[in-house]
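What follows is a set of notes on a single structure, which appears directly below.
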Amino acid sequence: MGLKKGSLWSHSADIASMPWFANGAHLGYMQRMFLDLQTLHHAATLLDTLGVIVFAITGALVAARRQMDPVGFIVVGTATAIGGGTLRDLVLGVRPVFWVTDQTVLVISMLAALGTFWAARSVSKIYRLLLWLDAVGMAVFAVAGTQKAADLGAAPVVCVLMGVMTASFGGLIRDILCGETPLLFHKEIYATAALIGAGLWLILGTIPALTPELRAILGFSAAFGVRAAAILWEISLPRYRQVH
Amino acid sequence: MGLKKGSLWSHSADIASMPWFANGAHLGYMQRMFLDLQTLHHAATLLDTLGVIVFAITGALVAARRQMDPVGFIVVGTATAIGGGTLRDLVLGVRPVFWVTDQTVLVISMLAALGTFWAARSVSKIYRLLLWLDAVGMAVFAVAGTQKAADLGAAPVVCVLMGVMTASFGGLIRDILCGETPLLFHKEIYATAALIGAGLWLILGTIPALTPELRAILGFSAAFGVRAAAILWEISLPRYRQVH
Amino acid sequence: MGLKKGSLWSHSADIASMPWFANGAHLGYMQRMFLDLQTLHHAATLLDTLGVIVFAITGALVAARRQMDPVGFIVVGTATAIGGGTLRDLVLGVRPVFWVTDQTVLVISMLAALGTFWAARSVSKIYRLLLWLDAVGMAVFAVAGTQKAADLGAAPVVCVLMGVMTASFGGLIRDILCGETPLLFHKEIYATAALIGAGLWLILGTIPALTPELRAILGFSAAFGVRAAAILWEISLPRYRQVH
């Protein structure tokens with residue numbers, strides 16, 4: 001199916017073993033539906049990989065601002081890309097954590113971070129593009145993180161928290177490693193967008209008619225949409241202001 | 001029994017199934033003792049909950065000083081309240097960590113932190129009260145953390161360390177998240193008070209006649225007493241001074 | 001055998017139960033070889049312990065610079081000594097983490113850190129010696145960390161990463177706890193030396209003729225040699241330079 005084992009989106013791997021697919025006689029609608037699903041899975045894997053690459057690059061760009069050496073680029077970039085998912089797995093008791101089981105994500109993020117060392121000047125020029133790709137990564141991770149917690153049978157509030165954590169804690173770890181004030185607490189709506197996507201995905205689970213794919217797309221769209229609005233119109237939550 | 005499942009104080013849940021309690025004929029002393037125990041359990045749950053709320057508020061107050069948005073308040077407040085216990089559970093191999101199993105503590109700390117966003121000005125006025133409530137929380141967590149490690153069969157030195165960790169690492173994580181110099185290493189006796197309470201609780205375990213309740217009260221009192229003395233007379237451990 | 005249970009070097013504990021050793025008739029070469037092995041094991045335990053002590057002292061010295069109290073010395077020193085291995089065990093799913101199972105390392109690092117509180121002035125005079133001992137500790141931890149991951153059946157890229165993590169993340173945690181810019185990303189070749197040692201150890205595993213001991217020595221030597229060269233000639237990786 002072209003899906004990597006242990007992927008955050010691993011639910012989709014079950015499709016190939018579904019009874020209606022094993023039966024070659026179903027054509028027309030079924031076949032068309034399968035093709036659509038397959039396209040979706042490829043899109044999911046692509047988005048997942050894209051999210052990891054983009055997160056690794058944003059980590060490496062902060063390393064560039066701090067004038068680190070290549071090792072620093074790899075550590076900060078990789079920690080940004082896999083940090084949120086690692087903390088999620090530790091807290092949920094998944095052992096070992098996901099990138100020990102499937103190293104694809106680990107290797108991709110190391111390469112992306114290292115590549116940024118040589119390409120940082122060009123990469124920083126496409127900052128605006130990165131901002132949008134980062135929004136895609138956040139939305140993918142929000143849904144994937146919530147889903148992983150739900151698959152393990154966690155309570156709703158924990159599922160949503162895991163979605164938010166997977167989407168935003170990589171950036172938090174990046175900022176702590178680099179000694180920066182965590183952006184998470186200051187920049188325009190970010191964790192809130194992840195929260196909305198994760199929450200919607202969870203609520204949609206109460207509708208039996210909805211396919212897992214459509215549910216994931218809707219959750220992703222909500223998270224991405226809110227974040228997109230925040231980027232476009234520079235919306236942010238009200239910050240606490242001390243009266244002096 | 002009014003005790004939440006998976007509470008840090010879960011040993012008390014066994015009381016209801018103790019043989020002398022199942023037998024309704026025991027009145028007088030036994031009944032009175034049971035009532036005392038029940039009061040104690042309620043007190044323990046109350047203190048436990050109080051500890052979580054106070055820790056969440058102290059985290060949110062640091063978020064207020066850093067002028068964060070509501071999401072920042074929730075993240076920092078919740079991390080302060082459950083961070084120490086989370087690290088303890090990870091290290092001891094408890095999976096999943098306690099707040100994934102029982103979400104009460106998680107929800108309470110999120111609400112307390114969010115509430116502080118609107119009430120921070122009023123809350124900061126009762127700083128002196130918070131300081132004392134924080135001492136209560138620290139003492140509760142020191143005993144509860146040590147006890148959890150002991151229940152899992154950890155070695156004495158590990159038990160004491162887990163008590164200190166549960167009591168003080170939430171504040172450490174709070175300071176790291178907010179980019180502040182960790183107070184743990186500078187302010188008046190804090191981790192040391194937790195250490196004394198945890199150590200006393202462990203030593204008292206060698207006295208078979210002592211009930212678990214009295215043992216917990218004595219450990220709590222030692223930790224709280226030392227911390228109270230430190231607050232009242234501003235006692236601190238000698239700090240290392242460099243000769244220039 | 002003088003080997004502590006659960007040691008990072010625990011593979012060597014199997015030697016005593018090897019058939020040729022149980023049979024007292026083998027003298028000459030076998031006996032001589034055994035003596036050599038025993039010397040090696042003692043050396044390994046010694047190096048392991050030395051690594052822990054040195055890491056604890058470097059942590060305590062940063063605590064001294066920050067004028068912390070004794071509790072700060074113990075927390076920072078111990079976190080430096082056992083932090084890398086703790087993160088490794090968490091990620092690999094080893095539960096509980098190594099120092100909960102065997103408290104020797106924990107107690108040694110606490111004592112070393114506390115001792116530094118009183119001896120910091122003398123200790124800082126031997127800074128040059130510490131730099132070299134730290135290189136020994138790094139090289140030991142690089143090989144031991146890689147080996148532990150390999151024993152658990154982890155993939156090569158994960159094994160190498162675990163070696164680097166065990167060797168260098170203690171120092172990273174130390175710097176974060178103390179609010180310093182992580183040295184890992186700035187100082188002369190350090191994580192890279194661990195990477196080379198870990199990688200060589202892994203590659204040498206493809207040669208069946210090589211004894212585990214010789215393999216460990218070669219991996220250690222590679223890591224130590226690269227680090228020694230970096231100290232002697234102040235070699236560092238090129239850092240990223242922003243064009244303004």
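Below, chains carry the letters A, B, ... as their sequence lines are ordered, and counting in each starts from 1.
- Interface remark: Trp118(A) contributes no atoms to any contact with chain C (heavy atom separation under 4.5 Å).
- Interface residue Val107(A): only side-chain heavy atoms are found under 4.5 Å from chain C.
- Interface remark: Leu195(C) contributes no atoms to any contact with chain A (heavy atom separation under 4.5 Å).
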Test side chain to side chain contact (heavy atoms under 4.5 Å, CB included) on Met110(A) and Leu161(C); report intermediate values, then the result.
CA-CA 11 Å; Met110(A) 288 169 111; Leu161(C) 190 63; 4.0 Å; yes
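- Closest heavy-atom contact between Val71(A) and Ala191(C): CG1-CB, 3.5 Å.
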Before you tell me yes or no, could you show the steps for Tyr190(C) and Asp69(A) under side chain to side chain contact (heavy atoms under 4.5 Å, CB included), namely the whole-Å CA-CA distance, both residues' side-chain angles and the distance that decides it to 0.1 Å?
CA-CA 11 Å; Tyr190(C) 193 96; Asp69(A) 65 19; over 6 Å; no
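- Per-residue heavy-atom pair counts under 4.5 Å with chain A were compared for Val91(C), Thr192(C), Val164(C), Ile176(C), and the maximum is reached by Val91(C).
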Run the side chain to side chain contact (heavy atoms under 4.5 Å, CB included) check on Leu177(A) and Leu172(C) step by step: do they pass?
CA-CA 8 Å; Leu177(A) 282 179; Leu172(C) 191 61; 3.7 Å; yes
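- How far CG of Leu87(C) is from OG1 of Thr86(A): 9.0 Å, rounded to the nearest 0.5 Å.
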